[in-house]
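Notes for the one structure printed next.
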Amino acid sequence: MSEEIKNQEATQDELDQFVSLKKGDTVKGTIVKLEDNQAYVSIGYKYDGVIPIRELSSLHVDSASDAVEVGQEVEAKVLTIDDEKEKLVLSKRAIDSENAWDQLQKHFEDQDVFEVVIADVVKGGLVADVGVRGFIPASMVERHFVEDFSDYKGRTLRVKVKEIDRENNKVILSQKDVLEQEFEANKVEVMAGLQEGQVIEGTVQRLTQFGAFVDVGGVDGLVHVSELAWTHVEKPSDILSEGDKVNVKVLKVDPEKGKISLSMKAVQPGPWETAGDKFNASDIVTGVVKRLVDFGAFVEIAPGVEGLVHISQISHKHIGTPHEVLKEGQEVQVKILDMNPAEQRVSLSIKETEEAPAQAPKAERPARNNAPREEINNPNVSLSNQGMSTTLGELFGDKLSKFK
């Protein structure tokens, strides 16, 4: 067979192949050129096909280069073909969408985890290209609240299909479900390894009015406000900030409820532990009146160390109630009468820090005449008129003058 005949047959075969290409066919090709609003694809046809920008992706893109790059292999559907005008229009989006729905339906049924790249940040959440437009609502991005999502564009997230509706072209994705599942699995493992009384390091995650949530190995435990410090804490934010590293003691682990109770003050020296070294009996120190009760006053002499000033030790003068001379918040000087750190008791006195007032001298009583009393009818005693007169004057004084 001559070379000319062979070339004619080859050309005829190619023509037969060209004729077989029709609308709706799926073709494979390579991106050979990019313009702002379209991409050129070589599919082995006598002329290149064109993919308009709207057919490149299920999402809005500003330029063709945002969706594909030169040299990339793509699969597309033939939308129109006009050999006379050498016009071949293709759609990558149509094939991507058909393949995506089947794959997304399988992801939904299996509830498995797959990765997506965030293509855009929109009002209410994030958008990802999963062959179709996948939407991640703001509430389904993280386990915690996120105020600003601007830096999420371009990130790769691990998600599950939360909801799928092919008829309405709706796909809802969730990363939060993935994180929650992993958190719960890790929580069970971590809680199984925790022992009551164990001291571990944690990181402050959140602060509330009633306490602080501390991450201990990927699981949050609660340090109640009463367990933050030995001194009174009005609100946790007064002494802690999110991100702080703290040592905590495990008070209780409840796997059924998934709760862990922690304490910060339990790993700190208690005020009574140091009080024994700091204070001694007979010391005079400055304190603050914390509470007043009928039987006395409780005075704080160091953070967390309160002692009782019995009502009898408040003042040198008699008082009916402590409220007569003291008020809560008042600073006072007290003397330590007895110190017992083991029983967390200290007895105090205010009056022993003050000098007792001088006592008024007692009035002198007239001297008593111890001479034997003489009987009036004693025959040996003579009662003269002068003696009788003096006696009556002493007895009745000036009361007799009006009879004169």
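None of the values given here were measured: they were computed from a predicted structure.
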**Message:** Between E306 and R291 (salt bridge meaning N to carboxylate O under 4.0 Å), is one present in this structure?
**Reply:** yes
**Request:** Return the set of residues passing side-chain contact (heavy atoms from CB on, under 4.5 Å) with L222 (not counting sequence neighbours), or none when no residue passes.
**Result:** F210, F213
**Item:** Counterpart residues, side-chain contact (heavy atoms from CB on, under 4.5 Å), relative to S139 (two or more places apart)
**Value:** P137
Does [X] use its side chain to pair, donor to acceptor, with the backbone of [Y] at less than 3.5 Å?
X	Y	answer
S349	E352	yes
Q313	H310	no
E142	Q175	no
S97	A94	no
D82	K85	yes

**Request:** Search all heavy atoms of R133 against all heavy atoms of V122 and return the closest pair with its distance.
**Result:** NH2-CG2, 4.4 Å
**Asked** How close do A64 and Q38 get, heavy atom to heavy atom, and via which atoms?
**Response** CB-O, 3.7 Å
Please tabulate, one pair per line, all N/O donor-acceptor pairs under 3.5 Å involving side-chain atoms of residues 65-73, not counting sequence neighbours.
residue, atom, partner, partner atom, Å
S65, OG, S63, OG, 3.2
D66, OD2, S63, N, 3.2
Q72, OE1, E69, N, 3.2

**Distance flag, aromatic centroids of F114 and H107, threshold under 6.0 Å** = yes
**side-chain contact (heavy atoms from CB on, under 4.5 Å) between V141 and Y152, worked out** = CA-CA 10 Å; V141 178; Y152 274 70; 3.6 Å; yes
**Request:** Side-chain contact test, heavy atoms from C-beta onward, threshold under 4.5 Å: evaluate it for H224 versus S261 and give yes or no.
**Result:** no
